[in-house]
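Contents: one structure, followed by commentary.
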Amino acid sequence: MTKHLIKHEISITKEISFCRRLVFTPKFYLALLVSQVVILAVFVYPRNFQNYDPLLVITDQRFQEELFNRTTENCSIWNSTELEPDTKCPIISPYLVGYRKPIISTAINWGDTLEKYQTVRCGGHFRPSNCKARQKVALLIPFRDRYAHLKIFMNHIHPFLMRQQLDYGIYLIDLDDKIMFNRGLLLNIGFLEASQEYDYDCYIFHDVDLLPENDYNLYRCSDLPRHMSVAIDKFNYKLPYDAIFGGVSAMTKDQIYFVNGFSNKFSGWGGEDDDMYNRLKFHHMTVMRSMEDVSRYKMLKHEQSAPNPKRFNLISTGMKRVKEDGVKDLRYEVLKKIYYPLYTYIKITI
Ligand code: BGN
């Protein structure tokens, strides 16, 4: 028995000294380095590579040219002479499919997209032919230079909205290049322009880089303002904070006028949506949200824009300006208004 134990001890001591010798040799460190490189190459790099959006490397100019060749001079929205069915569409459309992974592909070209969506009227308008839509919805997209995203977005959003049997129009609002991007201002102007064109019931403020994943996320307004982009992949499909109102949100005309729209003072990135949330609170309105598993969005990758350093101060003083800073008495000039087949493009200056 003792002999056996001694033998065992000797073998353990031998193993330890073998390990010590191995650990302190250059070969060991070389092997460690190689294994790290292999782990990085096999697991980490492909993940980052998948996150990389190949469309963004194609110059925007190409997309602009493809687009600008296809415009419609005389484009009219639905008028009273065009008969609409009397029967209201069902509350829940029979065409809904639920979750569908958004297609983010370099292979999409405008020609194919246009071919597919021939039922969309110039300027990006559509309404169901077999029933009367329950809401007339304007999708307002503040825009600057993201043509690659725009193409993916259009290819995704038209069939999505059609399946919901909406009477809708899509508006892209762009600001004079000399002026710094201002999301709140563009949304206010988009609202005024769209409401002059058609009697919309509902206005959806929509970032071009967000693709809804589930068509049970109904693009319509409620008695209370709605925040719709509840669960975004970038935030691990979790709400980043309770007071968030950015990304995608929906308000009726009355709700917009009641709070005087967005502030026009937030130039650059961030804060205008938080200010809107404060406006809603200030006017005793709560925000509605749908369930996380339905209100899911995929965010297209892009470089983070420079945050506006003045946004904290603007937010803290925001409620003093509610009455005079907003959608009422807003002065601007329309530089261009172009009816593209899948959306209306409005370029403005102030
Ligand atoms: C927040 C931004 C929002 C933006 C969300 C999500 C600000 C103000 C800080 C007081 N708010 O941080 O505008 O929608 O992130 O990206 O920066």
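Just so you know, ligand 1 is whichever comes first in the structure, and atom 1 is the first atom listed for that ligand.
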*For side-chain hydrogen bond (donor to acceptor under 3.5 Å, both in side chains), just list the numbers for Tyr168 and His158, CA-CA rounded to whole Å, side-chain angles, deciding distance to a tenth of an Å, and then say yes or no.*
CA-CA 9 Å; Tyr168 69 82; His158 276 293; 2.7 Å; yes

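Atom OH of Tyr171 and atom CZ of Phe191 lie 12.0 Å apart (nearest 0.5 Å).
Other cluster members for Met291: none, since no ILVMFWY side-chain heavy atom sits under 4.5 Å from it.
The pair Lys136-Asp167 does not count as a salt bridge, with every side-chain nitrogen at least 4.0 angstrom from each carboxylate oxygen. A salt bridge is defined here as a Lys NZ or Arg NE, NH1 or NH2 lying under 4.0 Å from an Asp or Glu carboxylate O, and Lys347 with Asp177 meets this definition.
In this structure, the ring of Phe160 has its center less than 6.0 angstrom from the ring center of Tyr219.
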Report each N/O pair between ligand 1 and the protein that falls under 3.5 Å, naming both atoms.
from     : atom 1 : to     : atom 2 : distance (Å)
ligand 1 : 11 (N) : Asp274 : OD2    : 2.6
ligand 1 : 13 (O) : Gly271 : N      : 2.8
ligand 1 : 13 (O) : Asp273 : OD1    : 2.6
ligand 1 : 13 (O) : Asp273 : OD2    : 3.4
ligand 1 : 14 (O) : Asp273 : OD2    : 2.5
ligand 1 : 17 (O) : Arg311 : NE     : 2.6

